[in-house]
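Worksheet for the structure shown next.
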Amino acid sequence: MPLLLIGLNHRSAPVEVREQLARLCGAEIPDADGTTLEAVPVFTCNRVELYYDGAYEAAEESFLKLLADAGLPPGEFEPFLYRKPALDAIRHLFCVAGGLDSMVVGENQILHQLKTSYQHSTERGWVGKRLHALFQKAFEIGKRIRAETRISENTVSIASTAVDLARRIFGPLDGCEALVVGAGEMASLTLVHLKSSGIGRLVCTNRTFEKAVELAGRFDAVAKPFEALPELLAAADVVITSTGAQRPIIGRAMLETAIGKRPNRPMFVIDIAVPRDIPADAGEIENLFLYDIDDLQNVVDEHLGQRRQEADRACAIVEQEAAGFRLVLESFTLVPLIRALREQAETLRRTEFDRFLAQHGELPKELRDAFEQCTSAMMAKWLHQPIVELKSRGAVDREQLRMIAAVFGLPEEALPQAPLYVLPKAKESS
């Protein structure tokens, strides 16, 4: 039962392709030609991936059926798909769990999304022992990478960086008032981070007052008319502007007046509008800290560089864990061989023990029980080393496995049906 990953992500497919596959979310995984497959689908805005445990041909058939059942022509998506056999699938999942395959390196949301996908599949009975072991290991590695590296440290978005810079100036923001000028997407994102930071008071204003009211309602903020901007500036500790105006809407003189009304109280102003809402020379005002979008982008780029350096350490963890875990999964393929060896040994032991009892029927029960226990213990000790050796050799080729089976007199059906770590030749050439 080999492992196979079929999918696409933000690296292999543009957003217009990924959004079409969004309709697969929540769909049942179809069987293939009567073959029941084990699978864990992972659907996010940046990836559609299915981790299969079963015959490669059956997994491929199941995936194509999944597309067809959703009204998606499989041929249209073929150029964007990747297929990864077991060791590559293991490594890929570990990278996903560690935040190494995300659009924003080191983001934490993907680990929660993986757990949700795994739970969804488990509830539907799609997860067997090997997929269970694989995903549990992935969760463990995701936590380890974040604990042993700094890959998730430092903010890497304009909105979150703006709020972090405000914290550097004021410390805790629970006693501060923030004014957001504008009602677009960037203003909304900034409000998300301000709200989560525990800001004391949020005020929204916009030239179209109804938009300010709508935005304020979403974040438990206060909406104020745009005409009150001079007074709002004087009261605000943090000012974030993000309008679509073609020229500055807050002049230097207005800011100087506002600063004059708040002696010894600094003002942190973030202008993330393009074109800018505030003239650059306003940054010369004493006690006013002005940042524009280029300043913030420089901080973001620096933080991303730091995350990429940490990603190298995280990749080393993935390689180490993937190499070791492959042997764990390989041992599952040898279960029929090991089971057959144990059954054969027990059959031989029982046959000989029954013959012995037939020849010594006068033995008292306590001696019979003692002989039973002794022969069972002897057989278990004899089997121990061969089984340990078999588990450590999960990656041997089929001819070697045939030789092992022949040495112990085991049947051909006790052998693993396919190697775990390579695709069939037909798939390699496709």
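When reading the values below, keep in mind they use all heavy atoms of this one structure, side chains included, and skip hydrogens, waters and symmetry mates.
A salt bridge links D101 with R47; the closest basic N to acidic carboxylate O contact falls under 4.0 Å. Looking at R313 and E148, no side-chain N of the basic residue comes within less than 4.0 Å of a carboxylate O on the acidic one, giving no salt bridge. Between E372 and R349 there is a salt bridge, since a side-chain N of the basic residue sits under 4.0 Å from a carboxylate O of the acidic one. One finds a salt bridge joining E214 and R218 here, because a Lys/Arg side-chain nitrogen approaches an Asp/Glu carboxylate oxygen to under 4.0 Å. Comment: E61 engages K65 in a salt bridge, judged by a side-chain N to carboxylate O separation of less than 4.0 angstrom. Ion pairing of R83 with E78 is present here, as a side-chain N (NZ or NE/NH1/NH2) and a carboxylate O approach within less than 4.0 Å. The existence of a salt bridge linking D271 and R276 is excluded, since no basic side-chain nitrogen approaches an acidic carboxylate oxygen closer than 4.0 Å. Under a 4.0 Å N-O distance rule, the pair R168/D164 does not qualify as a salt bridge.
Formation of a donor-acceptor pair under 3.5 Å by the T44 side chain with backbone atoms of N46 is found in this model. With S188 contributing its side chain and G184 its backbone, the two residues share no donor-acceptor pair below 3.5 Å. No donor-acceptor pair closer than 3.5 Å links the side chain of R307 to the backbone N or O of R150. E38 places no side-chain N or O within donor-acceptor distance of the main-chain N or O of V127, the cut-off being under 3.5 Å. The backbone N or O of L194 sits less than 3.5 Å from a side-chain atom of S197, completing a donor-acceptor pair. Proximity of a side-chain donor or acceptor of S12 to a complementary backbone N or O of L8 within less than 3.5 Å is not detected. Judged purely by atom type and a 3.5 angstrom limit, S242 has no side-chain atom pairing as donor or acceptor with the backbone of G182.
Under 3.5 Å, the side chains of R144 and T149 contain no donor-acceptor pair of N or O atoms.
Within the 4.5 Å cutoff, the side chain of D292 has no heavy atoms near those of the I272 side chain. Taking 4.5 Å as the limit, some side-chain heavy atom of C204 sits within range of a side-chain heavy atom of L191. Side chains of R146 and N108 form a contact here, defined as non-hydrogen atoms less than 4.5 Å apart.
Using bins of under 30°, 30° to 60° and over 60° for the plane-to-plane angle, the ring pair F356/F371 lands in the perpendicular bin. Between H132 and Y118, the ring-plane angle classifies as tilted under the 30° and 60° cut-offs.
Checked against a 6.0 Å centroid threshold, the rings of F268 and Y291 count as neighbours.
Heavy-atom neighbours of E185 CD from other residues, nucleotides or ligands within 6.0 Å: at or below the threshold of 12. Taking a 6.0 Å sphere around CG of D354, one finds it holds more than 12 heavy atoms contributed by other residues, nucleotides or ligands. Within a 6.0 Å sphere centred on CD of Q373, heavy atoms belonging to other residues, nucleotides or ligands number 12 at most. Counting non-hydrogen atoms of neighbouring residues, nucleotides and ligands closer than 6.0 angstrom, the NZ atom of K115 exceeds 12 such neighbours.
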**Asked** So E123 and Q119, side chain to side chain donor-acceptor pair (under 3.5 Å) or not? Walk me through it.
**Response** CA-CA 6 Å; E123 291 171 353; Q119 183 64 32; 3.2 Å; yes

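Taking all atoms of both residues into account, the shortest heavy-atom contact from D295 to L290 is OD2-O, 4.2 Å.
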